[in-house]
K.L.:
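The structure that follows is given in the form of structure tokens.
Atom set for the values below is all heavy atoms of this structure, side chains included, hydrogens, waters and symmetry mates excluded. Order of appearance sets the numbers: ligands from 1, and atoms from 1 within every ligand. Quantities reported herein were computed from a predicted structural model and do not represent experimental measurements. Residues: numbered from 1 along the sequence shown.
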Amino acid sequence: MDIEFDVKHGLEGVAVAISSISYVDGEKGELVYRGFKIEDLIENSTFEETSYLIWFGSLPNENELDFITTMLAKKRELPEEIVKMMNSFPKTSHPMEVLRSVVSLLGMFEKKDKSTFENAINLTAKIPTIIAYWYRIKNNLPLIHPRESLKHSENFLYMMFGSVPEHSSLFDKALILHAEQGMNASTFASTVTASTLSDIYSIITTAIGTLKGPLHGGANEKVLDMLEEIGNLENVEFYINDLINRKEKIMGFGHRIYKTYDPRAKILKNWIKDIFINKKIKYFEIALKVEEIVLNKFKEKKIYPNVDFYSGILYNYFGIPKDFFTPIFAMARIVGWTAHAMEYCKNNRIFRPKAIYNGPKNLKYKDVKGAE
Ligand code: CMC
């Protein structure tokens, strides 16, 4: 069969949209949201302010910041029926399964006449509540209801643990780091759903399902699995060499775009290093050794730590269990998902690529008894 193959495997290098939301320089290791370097944003901004920037394209003035902060604070509570249903979910359910399902359920309970932007804020406000409520339900703990007076990130930690811990501003900054990253797999998947003019709950359910995979957001949980399995510094070399010999992927390393150190991984590592000066942080030394070995082995392939390598160590420091790491990624990335869906739909065209067929074409039908 003579077929001319013209397939971009994994759509590498294929542009599917024109966007002014973020820019990634994979050679220099730079990430820019709406013209602002993330280093600048984590230094000077908050998750609320950065969300406004990503959604609206410019930094908010005082009134606008007040508006977004208030909206995000007022929409946190979940419908009672949803909380009742969550109480009946199997306690073994993974938090990403719960998040995916509850976002989908919410679509049946929320008013349908809101603008896409109102819907985006509403879901962004509710996702931390879904995650924290599930943590409390799973662990047979009483629910802690959201507090309007707290910032988005502080309120999440408060709903999880009943207080706002030391270094909570780092958690806020970690959300900023995860809020947006161009046409990654989950953003692409949700943009495809948006391009069919589907609703926001379907768009975000698609995104969550895609983020869950271990090659994407699910990698942060897998990194902690790996660090736990390694257990101590002496085991690192054997463990990593064994993975490499078996040609297995090392979780938290590699990236389609970054061919140098992921700037987000660099920032997370430096924060942990700063805390580590005074306090021992679990798995940090093991992680540093893993990094050293991987960088050495894969110099030519340009494989560096990505955002998922160090994020889990920080979340673990806050007492967050590893199966909640990817939901936290979703809690931030919803801003990017919704911004891209809204931007794409301004100049919408349904996504409909093609597959090149390489199967037979002239088979003759036979019934189950073999008769033609
Ligand atoms: N460990 C070992 N080898 C690797 C790794 C890794 N983590 N990543 C890439 N490689 C090798 C790969 O085997 C291939 O080698 P060869 O050319 O000899 O076949 C080469 O590097 C290119 O890799 P690829 O898989 O074709 O690259 P990709 O752009 O298709 O995939 C990736 C990117 C992120 C899926 C991949 O690097 C990976 O699987 N990493 C581990 C999972 C992970 O950490 N994911 C998080 C990604 S970043 C944040 C996010 O999206 O959540």
K.L.:
Enumerate the pairs of nitrogen or oxygen atoms, one from ligand 1 and one from the protein, separated by less than 3.5 angstrom; state names and distance to 0.1 Å.
P.N.:
from, atom 1, to, atom 2, distance (Å)
ligand 1, 1 (N), Ile250, N, 2.9
ligand 1, 7 (N), Ile250, N, 3.4
ligand 1, 7 (N), Ile250, O, 2.7
ligand 1, 7 (N), Phe253, O, 2.8
ligand 1, 15 (O), Lys301, NZ, 3.2
ligand 1, 18 (O), Lys301, NZ, 2.8
ligand 1, 25 (O), Lys249, NZ, 2.9
ligand 1, 29 (O), Arg256, NE, 2.7
ligand 1, 30 (O), Arg256, NH2, 3.1
ligand 1, 39 (O), Lys249, NZ, 3.1
ligand 1, 40 (N), Phe253, O, 2.8
ligand 1, 44 (O), Gly252, N, 2.8
ligand 1, 44 (O), Asn306, ND2, 2.9
ligand 1, 45 (N), Leu215, O, 2.9
ligand 1, 51 (O), His216, ND1, 2.7
ligand 1, 52 (O), His216, O, 3.0
ligand 1, 52 (O), His216, ND1, 3.3
ligand 1, 52 (O), Gly217, N, 3.3
ligand 1, 52 (O), Asp308, OD2, 2.7

K.L.:
State, to 0.1 Å, how close Ile42 and Lys173 come at their nearest heavy-atom pair, and which atoms those are.
P.N.:
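Closest heavy-atom pair between Ile42 and Lys173: O-NZ, 2.5 Å.
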
K.L.:
Among Ile, Leu, Val, Met, Phe, Trp and Tyr joined by side-chain contacts under 4.5 Å, find the other residues sharing a cluster with Val192 and list them by chain and number.
P.N.:
Leu11, Val14, Val16, Met183, Phe188, Tyr344, Phe351

K.L.:
Is it true that Lys74 and Glu148 have a side-chain N and a carboxylate O under 4.0 angstrom from each other?
P.N.:
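Counted as a salt bridge, because a side-chain N and a carboxylate O are separated by less than 4.0 Å.
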
K.L.:
Considering only heavy atoms from C-beta outward, does the side chain of Phe47 approach that of Val335 to under 4.5 Å?
P.N.:
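Yes, close enough: below the 4.5 Å cut-off.
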
K.L.:
Please tell me whether Leu227 and Phe238 are part of a single hydrophobic cluster in this structure, the criterion being side-chain heavy atoms less than 4.5 Å apart.
P.N.:
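No; Phe238 is not reachable from Leu227 via cluster members.
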
K.L.:
Is the centre of the Tyr304 ring less than 6.0 Å from the centre of the Phe298 ring?
P.N.:
no

